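Labels below follow one simple rule: chain letters A, B, ... track the order of the sequence lines, proteins then strands, and each chain is numbered from 1. Keep in mind that this is a model prediction, so the values were computed, not measured.
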Amino acid sequence: MLAKRTPLNPPHSKLSSLSSYTFLSQSSTQINLPPDAHLKFLCLNGRLKEALIEMSILGTDVRFRGYDALITECVNRKALREGQLVHSHMIKTHYRAPVYLDTRLLIMYDKCGKLDDAREVFDGMPQRNIVSWTAMISAYSQRGFQSLAFGLFRWMLRTGLFPNEFTLATVLACCIGHLGLEHGRQVHSLAIKNNYNSHVYVGSSLLNMYAKASEIHDARMVFEFLTVRDVVSCTSIISGYAQLNLDNEALEMFRKLYNQGMECNYVTFASLLTSLAGLSALEYGKQVHGLVIRLQLPFYIVLQNSMIYMYAKCGSLLYARRVFDYMPERTVISWNAMLLGYGDHGLGREVLCLFKSMRDVKSDAVTYTAVLSGCSHGGLTEEGLGVFYSMVGDKEMEPEIGHYACVVDLLGRAGRIEKALEFIRNMPFEPSIAMWGSLLGACRVHGNVSAGEYVAQKLLSMEPKNAGNYVILSNIYADAGRWEDVVKVREMMKENTVIKEPGKSSINLNKTVHTFRSGDRSHPQKDKVNEKVRELYEKIREVGYTPDLSCVLHDVDDEQKERILLGHSEKLAIAFGLMFSSQGGILRVTKNLRICVDCHNFAKLVSKVTKRELSVRDSKRFHLMANGTCSCGDFW
DNA sequence: GTAGGGTTAG
């Protein structure tokens, strides 16, 4: 109970020679405190000025400890004003600070958010050591000034100073992305030369640097060579996979390390949940949620955000919303994750309602992307356009190319294709692949052949190898009965040696992910599954299904085309789900590409004849199919 | 005294 103690003032003449002060506690018990502790006590109680008066009469050696104690307090409490007072006191009293104290001042300014003042201290230092350099490099790096940080590091090397493990870990963290990779490799060889390579801080910084530059094999190599692994290095490799969408690898890595007894914290789970979202692995997601509760991890916003995203991506909007509603505090990312979830499901009204209720946080570029694409997926054209023009009017948020792409999508979906083309002509960006791609889809839905040809020409010149674009153009010609042109599309495809990304669909049953590929011949149950597809095919033919042969661009007869269509991965996954799931529940299928028209028709009618709800998540959005109709309104 | 991993889109 130091708070109410009053220091006894010993005669000043004795101060400098004293190594401790005597205090009287409330209960009159005498205790001794060293002078730096006393100063700290004054500082803690808002009596900094008294502390500084006492400082003026202390001997040099004691003043060093006193200043150190005061600056430490200021750093801990991020007390800039007090820190500035201590600094000016040092100047006014002509105190010659050793390199240690100057470094502490530099750190104080940095921690109080005063980067320029930190640099001023750094520049004014008569001497600098490795700690001063590292602290300054770290200050720049942590505020995102990567090139300034790296420049300082190079300057340090030129002075002949050698980096320690702190410097290396810091500087590697600012070698981010492809541009940083070259620098990062040089720092890596420096680390090898100095035997810091397997240091756990340097190592995790290093493997993170490689992963962020998409060099995941190098990242893994660094991880394998670590002699000591801790929660950060383990999380780094998992999140490395997760950030590159290598979701299976992330999950496998987590499982392996978890079984080896790795320590997990909220960052580990946040990264893992991103991958589980990618895998639509709802059951695993729930298990992680349960584990987080069992471990009694506190409400870290980052983790809750990841949880919202996972539930939404796994089709459980109710759970996503529950997590969102229970959050004691939210960031813009929490709102964005929820908005994106509603948008993915085509719930435009919910998107707008949530957007209007945003409080305490400022919307960012992602918020607007989520709202605009949500309006588009929900068919709310005018509302979406209103949001876009409010952005244009609001000077604080300059629309980016992605926002313009959303508007093209909005107009296209509403059938206002000429308007969309005009919008593209007048916008301040070069049109992107995404814009032409969404317009081509609009031309198909609205049967606009001439615009479709124009758009396809633009798109194919930018992206000649993407098979999906040819398929949609073929659909457009087929719908118009222009069969000769369908043949031409097929020939164009051959000329361009198009590489078709293999279609893949998966379904989660009994806590196992079952994945099917187009024309799958390797699945152990393939015969039964094919039989089931055939059975469904016969049933839906009775309610009006005809196969859309324009979805097949192989040069084969119609019978063969039908066979190819029936082998599409989502049909296999749906059939498998119907065979092995319990009656009544919703079937959730995830596909890596955009669903084709034929599979879309197939799934809608299957939902009708089997009276089962189907959820197909493709690369664009969710399609919720029930009783023969789809939540996308046949537009995607 | 100085250090490493993280959540939302595309």
(message) For A/Asp123, is there an ion pair with A/Arg119 - N to carboxylate O distance below 4.0 angstrom?
(response)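 Yes, A/Arg119 and A/Asp123 are salt-bridged.
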
(request) Indicate yes or no: does A/Asp344 engage A/Lys620 in a salt bridge with an N to O separation below 4.0 Å. (result)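 Looking at A/Asp344 and A/Lys620, the cut-off is not met.
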
[N] [atom2] sits how many Å from [X] [atom1], rounded?
X        : N     : atom1 : atom2 : value
A/Arg65  : B/dG1 : CZ    : P     : 14 Å
A/Glu73  : B/dG1 : CD    : C1'   : 15 Å
A/Leu168 : B/dT2 : CG    : P     : 17 Å
A/Leu207 : B/dA3 : CG    : C1'   : 14 Å
A/Leu161 : B/dT2 : CG    : P     : 18 Å
A/Phe122 : B/dT2 : CZ    : P     : 16 Å
A/Glu165 : B/dG1 : CD    : P     : 14 Å

(request) Mind checking A/Asp68 for me? I need base, sugar-phosphate or nothing, with any heavy atom below 4.0 Å counting as a touch. (result)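 A/Asp68: no heavy atom of the nucleic acid under 4.0 Å.
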
(request) Give A/Val99 one of three labels, base, sugar-phosphate or nothing, depending on what nucleic acid heavy atoms sit under 4.0 Å from its own. (result)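 If one applies the 4.0 Å heavy-atom cut-off, A/Val99 turns out to touch a base.
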
(request) Validate the cation-pi geometry between A/Arg128 and A/Phe122: distance from NZ or CZ to the six-membered ring centre under 6.0 Å, angle to the ring axis within 45°. (result)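 Cation-pi check for A/Arg128 and A/Phe122: passes.
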
(message) I'd like to compare against my own output: the B/S/- annotation of nucleotides 4-10 of chain B with a strict under-4.0 Å heavy-atom distance to protein.
(response) BBBBBB-

(request) Using the test side-chain contact (heavy atoms from CB on, under 4.5 Å), find all partners of A/Gln186 that sit at least two apart in sequence or belong to another chain. (result)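 Only A/Glu182, A/His183 meet the side-chain contact (heavy atoms from CB on, under 4.5 Å) criterion with A/Gln186.
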
(message) Going by the rule side-chain contact (heavy atoms from CB on, under 4.5 Å), which residues pair with A/Phe64 if we only count those two or more places apart in sequence or in a different chain?
(response)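 Residues passing side-chain contact (heavy atoms from CB on, under 4.5 Å) with A/Phe64: A/Tyr95, A/Pro98, A/Tyr100, A/Leu101.
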
(message) Less than 6.0 angstrom separating the ring centers of A/Tyr309 and A/Phe324, yes or no?
(response)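 No, too far apart.
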
